[in-house]
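Every chain is numbered from 1, with letters handed out A, B, ... down the list of sequences.
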Amino acid sequence: MPAAPRAARDFPSSGLDPASFGFPRDLRLLEPAEFRFVFEQPERSQDAYLTVLARVNAKGYARLGLAISKKSVRKAARRNLLKRLARESFRLCRRDLGRLDFVVMARPAARDADRSLISKSLERHWKILVQRCDSRWCNSSSSID
RNA sequence: GGAGUCGGCCAGGCAGUCGCUGUUCGCGUUUGGCGCGAACGGAGGAAAGUCCGGGCUCCGCAGGGCAAGGCGCCAGGUAAUUCCUGGGAGGCGCGAGCCUACGGAAAGUGCCACAGAAAAGAUACCGCCCGGGGGGCCUUCGGUCCCCAAGGUAAGGGUGAAAUGGUGCGGUAAGAGCGCACCGCGCUUCCGGCAACGGAAGUGGCAGGGCAAACCCCGCCCGGAGCAAGACCAAAUAGGGGAGCAUCGGGUUUUCCCGAACGUGCGGCCCGCACGGCUCCCGGGUAGGUCGCUCGAGGCGCGCGGCGACGCGCGCCCCAGAUGAAUGACUGUCCACGACAGAACCCGGCUUAUCGGCCGACUCAUAUU
RNA sequence: GCGGCGGUAGUUCAAUGGUAGAACAUCAGCCUUCCAAGCUGAUUACGCGGGUUCGAUUCCCGCUCGCCGCU
């Protein structure tokens, strides 16, 4: 298999193609304003390791923001690992995440947790938040109609 | 092989798929930029703590001194150091080796609790001793015991962390460096060494405790801040400066000048006070962006000098530059089954964390040959 | 990333290198018919490891934990 099996032949000019597995800069939350947008009206999903917030955006694709604080995870190497795991999981699941903005935050238990536990936790949070936001959006739109 | 000392090195490897980031090249493009493709590069020995020393940048500054802070055996290395190397001294260890803030206590001040007579100009508590006075007893030239005041004495007791050189012999009323021998200490001379210091000889007769990580004295070093330094580009909004235009009337050829009116706020109203529209330009400057940003006291190899730290010469190499911050996930495979841990301007040190393994030099004990 | 400050009872703070103290809190007793107040007594601490010193909460060094400033 010499070439990558890319499904997006008619969409060659971007990693924004939801079916690809790339993770360019446009898919991240960078500005303080973008974070504020999510923090204002978030859907929240939380367990012992992570808190994940989500909100429907106007972009048409999912984006990820990371807020791994020094206070919750002391060691720099550990913080980098958590961020990598979050990016990786987001990258692989992105085709199912609609057009939500996510913010991932660490909780104290993430300091010592095994990396496979973190990955599972992330996938669970994606699923829960997508479901909640879908139902919310449908309800509000139907009431408008 | 066992126990141990010192020095150096490695920090999972390989293959595949999907991703992130920098440089170069090619192609496309709305040509600053963005996208796609390819090649190559992409965390550490501590990147950490920020404890020292520099480079670099800005600010301050004629020069010098004081203060504050730091350092402290000697010599050398270095851009520089509180670091490193070599040496000396003291201490620990059977040894290989290891450790040491290691100047000055007769420059001055201060402190040394409790205990003890006394904690620093020995002002003698218990003792010991000569002579004197009083008294008792006896075998009455005298001896012995008790008491008294004065004196001599640092050998002994006891206290303490520490008590005014140690041990021995002589000496003495008892004692004492009072004298002698050895050891320690000080001074002088000579010898070795760049020096710290060491050795030898002579001499003094003890010079007077400890603490300077107590104040201090002596010698040396030292301006302040830090890449969030600093430089540049610069939207929107508010505000500063300037120019022009704009409502009505009059003067006037025009430029322009004079007067009036209007809106908002304070107010019940009047007077009064304050603010006032549009366009363009200027400078300061926020968000944001660019530079600083990686070729350097650089690495590797060889040769030479030096005990060594290191230096010199030649050749070769380019080896992270991110900016919410890049190395991961999954699969297969091998093994010692993978610790501590993530660059943020850059170097040189120190300190701390650390799974396991390899190499070299050396010491000790035992056994065998 | 850079710079600075601190750690003492359960809490808030003291203390020349020589037995760590005060207030509040807790517990027990007295007082009161009972409670509160008051009185008496008790319990509980120098962040950790080295060094200097006869002796360290204090002086020095290294860790650790917490706080603040620069954006």
Side-chain angles (χ1 to χ4, degrees), chain A residues 1-138 140 144:
Chain A
M1 201 181 284
R6 305 198 54 106
R9 282 173 302 278
D10 47 72
F11 215 151
S13 69
S14 77
L16 299 182
D17 168 16
S20 83
F21 293 105
F23 187 52
R25 195 156 286 280
D26 294 316
L27 296 183
R28 306 185 191 182
L29 301 184
L30 300 176
E31 310 263 335
E34 297 172 322
F35 277 84
R36 227 175 297 122
F37 173 77
V38 176
F39 278 107
E40 269 167 13
Q41 283 191 319
E43 282 297 318
R44 171 187 282 263
S45 175
Q46 174 171 306
D47 61 15
Y49 312 112
L50 302 166
T51 298
V52 182
L53 308 180
R55 189 179 178 186
V56 177
N57 66 23
K59 292 280 186 183
Y61 48 83
R63 295 191 300 176
L64 175 66
L66 293 167
I68 313 294
S69 71
K70 207 171 192 173
K71 196 167 183 178
S72 57
V73 182
R74 242 171 183 322
K75 312 270 184 184
R78 188 75 190 169
R79 281 201 300 279
N80 281 350
L81 176 62
L82 289 174
K83 288 192 257 186
R84 281 189 209 117
L85 290 172
R87 286 194 208 101
E88 186 68 15
S89 178
F90 175 82
R91 190 172 68 78
L92 296 173
C93 299
R94 189 162 63 86
R95 67 174 76 198
D96 304 320
L97 297 183
R99 47 202 197 90
L100 299 176
D101 281 351
F102 293 93
V103 173
V104 175
M105 295 185 289
R107 310 200 68 221
R111 203 170 5 219
D112 307 308
D114 194 81
R115 56 181 65 186
S116 64
L117 286 174
I118 301 287
S119 302
K120 282 177 193 150
S121 168
L122 280 162
E123 286 168 28
R124 205 164 53 241
H125 286 309
W126 303 145
K127 207 177 287 179
I128 290 171
L129 288 168
V130 166
Q131 268 178 7
R132 283 199 203 155
C133 289
D134 275 356
S135 60
R136 196 187 204 189
W137 187 78
C138 289
S140 61
I144 287 170

Secondary structure of RNA chain C per the Watson-Crick/G-U criterion (both distances under 3.5 Å; [ ] crossing, | other strand, . unpaired) is (((((((..((((....[..)))).(((((.......)))))....(((((..]....)))))))))))).
Does B:rA43 adopt a syn or an anti glycosidic conformation, taking syn as a chi angle within 90° of 0? syn
Check whether the side chain of A:E88 and the base of B:rG19 form a donor-acceptor pair under 3.5 Å. no
Taking A:R91 first and then A:E88, would you say they form a salt bridge - that is, a charged N and a carboxylate O separated by under 4.0 Å? yes
Which of these, A:V130, A:D134, A:N57, A:V38, sits in a side chain to side chain contact (heavy atoms under 4.5 Å, CB included) with A:L100? A:V130
Between C1' on B:rA322 and CZ on A:R28, what's the gap in Å once rounded to a whole number? 11 Å
Considering only heavy atoms and no angle criterion, is a donor-acceptor pair shorter than 3.5 Å present between the side chain of A:R79 and the base of B:rG324? no
Between B:rC61 and B:rU82, how far apart are the C1' atoms? Round to whole Å, please. 28 Å
Enumerate the protein-to-nucleotides 64-67 of chain C contacts in which both atoms are nitrogen or oxygen and the separation is below 3.5 Å.
{"residue": "C:rG66", "atom": "OP2", "partner": "A:R74", "partner atom": "NH2", "Å": "3.0"}

A:K70 NZ to B:rA48 C1', in whole Å, measures 11 Å
A:R94 CZ to B:rC18 C1', in whole Å, measures 13 Å
Nucleotide B:rC340, atom P - distance to NZ of A:K75 in whole Å: 9 Å
Partner of B:rA39 by Watson-Crick or G-U wobble geometry, both contacts under 3.5 Å, or none? B:rU23
P atom, B:rU85 versus B:rG8: distance in rounded Å? 10 Å
How many whole angstroms separate atom CE of A:M105 from atom C1' of B:rG324? 14 Å
Nearest-nucleotide 5' precedence on RNA chain B, A:S116 against A:A67: A:A67
Identify, residue by residue, the members of residues 118-127 of chain A with a heavy atom below 4.0 Å from RNA chain B, and return them in order of residue number, or none. none
Is any side-chain N or O of A:R91 under 3.5 Å from a base N or O of B:rC18, one able to act as donor and the other as acceptor? yes
Round to the nearest Å and state the distance from A:I68 atom CD1 to B:rA325 atom P. 10 Å
A:R78 atom CZ is separated from B:rA341 atom P, nearest whole Å, by 12 Å
